[in-house]
Engineer: 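I have a structure here, written as structure tokens, and I will follow up with some questions on it.
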Amino acid sequence: QGVEQFGIGPYGTTTITVSTAAQKGLIVKGAASQSANYLEVQNSAGTALLAVTPSGAISGAITPTIITSTGGLTLNDSYNGYIIEQTGVAGSGTFTLGTVTIPGWNCMVVNIGSGVTIASGTNTMLSPGGLKNARTQYSSISIYSRGSNTFLLGGDLA
């Protein structure tokens with residue numbers, strides 16, 4: 001039930017349609033002592049470009065998304081893994097920590113302009129000495145979510 005198309009071979013197509021919200025779309029179970037990758041996306045030469053390893057890690061060429069902003073962004077799930085260049089040259093760009101639900105969520109804000117400030121919103125923000133600003137132009141702030149609306153800030157802070 002739920003399979004619309006299934007194909008095997010060089011021209012095969014597979015579509016899985018999940019009929020209820022609580023139903024899992026695809027399950028891959030490994031052997032008790034799984035040593036090969038659970039899943040691979042390969043190029044035409046058979047080289048793995050993306051893989052789910054036996055430990056559950058995702059490996060491959062995962063490129064972060066780089067965006068520019070003058071500030072005013074609320075950092076939430078959609079910014080996981082992003083590098084944000086704060087490009088405003090006339091004043092500080094303020095970034096607010098929003099709701100994050102992704103385990104291990106992280107983001108980096110790079111101060112290309114004249115100043116970056118990270119505001120906690122309603123979250124707990126932890127950093128050395130309670131610092132939350134980029135020290136100078138070209139400083140960066142790394143932000144990591146520990147879960148439960150708690151964030152760690154690191155980098156060249158002031």
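What you see is a predicted model, and the numbers here were worked out from it, not measured in a lab.
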Engineer: Can you tell me how far CG of Asn123 sits from CZ of Arg146, rounded to the nearest 0.5 angstrom?
Structural biologist: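 Output value for this atom pair is 13.5 Å.
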
Engineer: Side-chain heavy atoms under 4.5 angstrom apart, residues restricted to Ile, Leu, Val, Met, Phe, Trp, Tyr: same cluster for Trp105 and Ile66?
Structural biologist: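 No.
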
Engineer: Output, in order, the C-alpha distance, side-chain angles, deciding distance and verdict of side-chain hydrogen bond (donor to acceptor under 3.5 Å, both in side chains) for Thr117 and Asn133.
Structural biologist: CA-CA 4 Å; Thr117 299; Asn133 299 318; 2.8 Å; yes

Engineer: Could you walk me through whether Glu40 and Leu50 pass side chain to side chain contact (heavy atoms under 4.5 Å, CB included), step by step?
Structural biologist: CA-CA 6 Å; Glu40 287 186 358; Leu50 177 72; over 6 Å; no

Engineer: Using the side chain to side chain contact (heavy atoms under 4.5 Å, CB included) rule, take Ile16 and Leu26 through it: C-alpha gap first, then chi angles, then the decisive distance, then the call.
Structural biologist: CA-CA 8 Å; Ile16 300 171; Leu26 178 65; 4.1 Å; yes

Engineer: Short question: side chain of Gln42, backbone of Ser44 - any donor-acceptor pair under 3.5 Å?
Structural biologist: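 No: the side chain of Gln42 does not pair with the backbone of Ser44.
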
Engineer: Decide whether Asn76 and Ser78 meet the rule of one side-chain donor and one side-chain acceptor closer than 3.5 Å.
Structural biologist: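 Asn76 vs Ser78: donor-acceptor pair found between side chains.
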
Engineer: Report the distance from atom OG1 of Thr65 to atom CG of Asn80, rounding to the nearest 0.5 Å.
Structural biologist: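 It comes to 10.0 Å.
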
Engineer: Just how far is it from atom OG1 of Thr124 to atom CG of Leu152, taken to the nearest 0.5 Å?
Structural biologist: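 CG of Leu152 is found 10.5 Å from OG1 of Thr124.
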
Engineer: Measure the spacing between CG of Leu73 and CG of Leu97 and express it to the nearest 0.5 Å.
Structural biologist: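 If I round to the nearest 0.5 Å, the distance is 11.5 Å.
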
Engineer: Are side-chain N/O atoms of Thr53 and Ser55 paired as donor and acceptor at under 3.5 Å?
Structural biologist: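 Yes - a donor-acceptor pair under 3.5 Å links their side chains.
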
Engineer: Any idea which heavy atoms bring Leu157 and Pro128 closest together, and the distance?
Structural biologist: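 Nearest pair, atom of Leu157 first, then Pro128: CD1-CD, 4.1 Å.
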
Engineer: What's the shortest heavy-atom distance between Gly113 and Gln137, and which atoms?
Structural biologist: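 Taking every non-hydrogen atom into account, O-CG, 3.3 Å.
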
Engineer: Is there a donor-acceptor contact under 3.5 Å from the side chain of Ser148 to the main chain of Thr150?
Structural biologist: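 No.
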
Engineer: Give the intermediate values and the outcome of side chain to side chain contact (heavy atoms under 4.5 Å, CB included) for residues Thr87 and Thr70.
Structural biologist: CA-CA 5 Å; Thr87 58; Thr70 57; 4.0 Å; yes

Engineer: Tell me whether Asp156 contacts the main-chain N or O of Arg135 through its side chain, where contact means a donor paired with an acceptor under 3.5 Å.
Structural biologist: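 Checking the backbone N and O of Arg135 against the side chain of Asp156, no donor-acceptor pair under 3.5 Å is found.
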
Engineer: Between Phe95 and Ser69, does a side chain to side chain contact (heavy atoms under 4.5 Å, CB included) hold up when you go through it step by step?
Structural biologist: CA-CA 10 Å; Phe95 299 85; Ser69 173; 3.9 Å; yes

Engineer: What closest approach, in Å, do Ser145 and Phe151 show between heavy atoms, and which atom pair accounts for it?
Structural biologist: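 Smallest interatomic distance, heavy atoms only, reads CB-CE2, 3.8 Å.
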
Engineer: If you group Ile, Leu, Val, Met, Phe, Trp and Tyr by side-chain heavy-atom gaps below 4.5 Å, do Ile84 and Tyr144 land in one group?
Structural biologist: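 Each belongs to a different hydrophobic cluster.
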
Engineer: Please report the shortest heavy-atom distance between Ala134 and Ile141, naming the atom on each side.
Structural biologist: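 That closest heavy-atom pairing would be N-CD1, 3.5 Å.
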
Engineer: So how far is it from Thr96 OG1 to Leu75 CG, rounded to the nearest 0.5 Å?
Structural biologist: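 Thr96 OG1 to Leu75 CG: 7.5 Å, rounded to 0.5 Å.
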
Engineer: Tell me if the OH atom of Tyr138 is crowded by more than 12 foreign heavy atoms within 6.0 Å.
Structural biologist: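 It does not: Tyr138 OH has 12 such atoms or fewer within range.
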
Engineer: Flag yes if Leu126 and Val100 sit in one hydrophobic cluster, no otherwise; membership is Ile, Leu, Val, Met, Phe, Trp, Tyr, and two members link when side-chain heavy atoms are under 4.5 Å apart.
Structural biologist: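 They do not share one cluster, since no chain of ILVMFWY contacts under 4.5 Å joins Leu126 to Val100.
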
Engineer: Applying a strict under-4.5 Å side-chain criterion to I, L, V, M, F, W and Y, I'd like to know whether Ile67 and Val116 cluster together.
Structural biologist: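 Looking at the clustering, Val116 is in the same group as Ile67.
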
Engineer: If you measure from CD on Gln86 to CD1 on Ile118, what distance do you get to the nearest 0.5 Å?
Structural biologist: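 Rounded to the nearest 0.5 Å, the CD-CD1 separation comes out at 9.5 Å.
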
Engineer: When clusters are formed by joining ILVMFWY residues with side-chain heavy atoms under 4.5 Å apart, either directly or through shared neighbours, do Ile143 and Tyr82 land in the same one?
Structural biologist: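 Ile143 and Tyr82: one cluster.
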
